[in-house]
Number of protein chains: 2
Amino acid sequence: MLNNSHYIDKLRSSGLRPTKQRIKICEILFNTDKTFHFTINDLVKKISKATNDKISLATVYNTVHAFKKKGYLKEIPINSDQSYFDTNTSHHHHFYDENQKDLIDIDDADVEPVKINTRIPGKKIKSVEVLVKVEDAE
Amino acid sequence: MLNNSHYIDKLRSSGLRPTKQRIKICEILFNTDKTFHFTINDLVKKISKATNDKISLATVYNTVHAFKKKGYLKEIPINSDQSYFDTNTSHHHHFYDENQKDLIDIDDADVEPVKINTRIPGKKIKSVEVLVKVEDAE
DNA sequence: TCAACAGTTTAGAACTATTATAATGTAGAC
DNA sequence: GTCTACATTATAATAGTTCTAAACTGTTGA
């Protein structure tokens with residue numbers, strides 16, 4: 001409960017009303033030193049473990065989208081039947097383990113900066129994302 | 001019709017029966033010097049333009065998945081409500097125009113090789129994909 | 001040649017992730 | 001406290017994809 005005032009400030013300062021659902025979701029997503037990846041379904045499970053007051057699915061979607069829009073979450077581009085989100089919003093890339101269906105951060109220091117020697121007229125680069133697919137070595 | 005024997009051989013040699021549906025889809029996907037990106041929906045539209053014999057949606061899905069499995073198509077990792085495929089299976093990367101919702105090839109020569117200085121024990125790298133998101137410059 | 005079989009196609013149902021709807025609830029300003 | 005705009009909610013709707021089971025067809029080998 002102590003840390004909640006931090007989330008309340010954070011929400012309010014980004015123009016989001018600090019509702020109890022949003023604060024609870026903040027606690028689950030950000031009250032940890034380790035960042036992690038999740039799907040909406042993962043988050044719903046975490047919520048039901050963490051609290052007795054259930055949060056409706058629509059609110060979970062709304063909140064995740066709002067947080068993504070504010071830059072508190074990143075969506076990871078990957079071929080999947082569901083969306084993956086990342087609480088690590090710093091610049092970094094990912095391994096995707098196709099056997100385990102698991103996403104693993106690549107520390108940005110472990111990737112040489114990606115140089116793109118071409119541009120599209122009238123467009124600016126918004127992000128550069130590297131996805132390294134790995135599989136079991138035989 | 002002349003080129004069909006080529007597709008028939010290609011299909012047969014990869015263990016796929018050369019049915020008329022698969023041959024027709026080969027013609028649409030590969031009978032062009034330019035490679036392109038498409039969604040299942042795009043492909044269905046191309047098919048109905050190209051032929052009077054309609055191919056059922058399930059067959060289109062089955063065929064695209066079979067071709068992907070055989071390496072004749074690549075799926076492009078991107079956050080989208082639908083899957084994007086690429087007839088260009090050579091190593092290359094993509095721009096994604098978030099305003100136009102459009103994928104554009106980046107010639108592999110225009111990207112410095114991506115160096116990943118870390119590995120996951122027991123795993124080998126299968127692919128390295130770079131997605132450069134761009135948006136309108138203001 | 002043609003029977004038999006395994007692989008393929010098909011229409012439509014089922015499934016799943018996500019978004020929309022519209023009524024109810026609530027935070028914050030006055 | 002009251003009011004209003006924003007949030008939450010249950011549920012319906014939507015859309016992409018996969019499943020099902022019956023009909024069809026390419027291939028093999030007698």
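No hydrogens, no waters, no symmetry mates; every other heavy atom, side chains included, goes into these values. Naming convention: chains lettered A, B, ... in sequence-line order (proteins, then strands); numbering from 1 in each chain.
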Would you say [X] reaches [N]'s phosphate, i.e. side-chain N/O to OP1/OP2 under 4.0 Å?
{"X": "A/Gln21", "N": "C/dT26", "value": "no"}
{"X": "A/Tyr61", "N": "C/dT19", "value": "no"}
{"X": "A/Thr59", "N": "D/dA7", "value": "no"}
{"X": "B/His65", "N": "D/dT18", "value": "yes"}
{"X": "A/Lys54", "N": "D/dA10", "value": "yes"}

Heavy-atom protein contacts under 4.0 Å, nucleotides 21-30 of chain D, coded B base, S sugar-phosphate only, - none: ----BBS---

Working to the nearest 0.5 angstrom, can you tell me the gap between [X] [atom1] and [Y] [atom2]?
{"X": "A/Lys69", "Y": "A/Ser14", "atom1": "NZ", "atom2": "OG", "result": "12.0 Å"}
{"X": "B/Leu103", "Y": "B/Asp97", "atom1": "CG", "atom2": "CG", "result": "9.5 Å"}
{"X": "B/Ser127", "Y": "A/Glu135", "atom1": "OG", "atom2": "CD", "result": "9.0 Å"}

No-hydrogen, no-angle side-chain donor-acceptor test under 3.5 Å, A/Thr39 and A/Asp42: yes

Ring-face cation contact, A/Phe30 with A/Lys10, 6.0 Å cut, 45° max: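 Yes; both conditions hold, so A/Lys10 lies above the ring face of A/Phe30.
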
Please report, rounded to the nearest Å, how far the [atom2] atom of [N] is from the [atom1] atom of [X].
{"X": "A/Asn62", "N": "D/dT9", "atom1": "CG", "atom2": "P", "value": "10 Å"}
{"X": "B/Lys24", "N": "C/dT8", "atom1": "NZ", "atom2": "C1'", "value": "18 Å"}
{"X": "A/Asp53", "N": "D/dA10", "atom1": "CG", "atom2": "C1'", "value": "17 Å"}
{"X": "B/Phe85", "N": "D/dT17", "atom1": "CZ", "atom2": "C1'", "value": "10 Å"}
{"X": "A/Leu11", "N": "D/dA7", "atom1": "CG", "atom2": "P", "value": "10 Å"}
{"X": "B/Asp42", "N": "D/dT17", "atom1": "CG", "atom2": "C1'", "value": "16 Å"}

Against the side chain of A/Leu57, the closest entry in D/dT8, C/dT18, C/dT10 is C/dT18

How do B/Ala58 and A/Ile55 order along DNA chain D: which one's closest nucleotide is nearer the 5' end?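 Here A/Ile55 is the residue nearer the 5' end.
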
Side-chain contact, heavy-atom cut-off 4.5 Å: B/Lys68 with B/Lys74? no

Output the residues of residues 72-84 of chain A in contact with DNA chain C, where contact means a heavy atom of the residue under 4.0 Å from an atom of the strand; sort by number or write none. A/Asp81, A/Gln82, A/Ser83

Strictly distance-based, threshold 3.5 Å: is any side-chain N or O of B/Tyr7 a donor or acceptor partner for the main-chain N or O of B/Asn31?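 Yes, the answer is positive, given that a donor and an acceptor are paired below the 3.5 Å cut-off.
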
Polar side-chain atom of B/Thr63 near backbone of B/Thr59 as donor-acceptor pair, under 3.5 Å: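 It does hold such a pair.
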
Option passing side-chain contact (heavy atoms from CB on, under 4.5 Å) with B/His94 (candidates B/Ile78, B/Val132, B/Asp86):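 For B/His94, the side-chain contact (heavy atoms from CB on, under 4.5 Å) test succeeds with only one of B/Ile78, B/Val132, B/Asp86, which is B/Asp86.
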
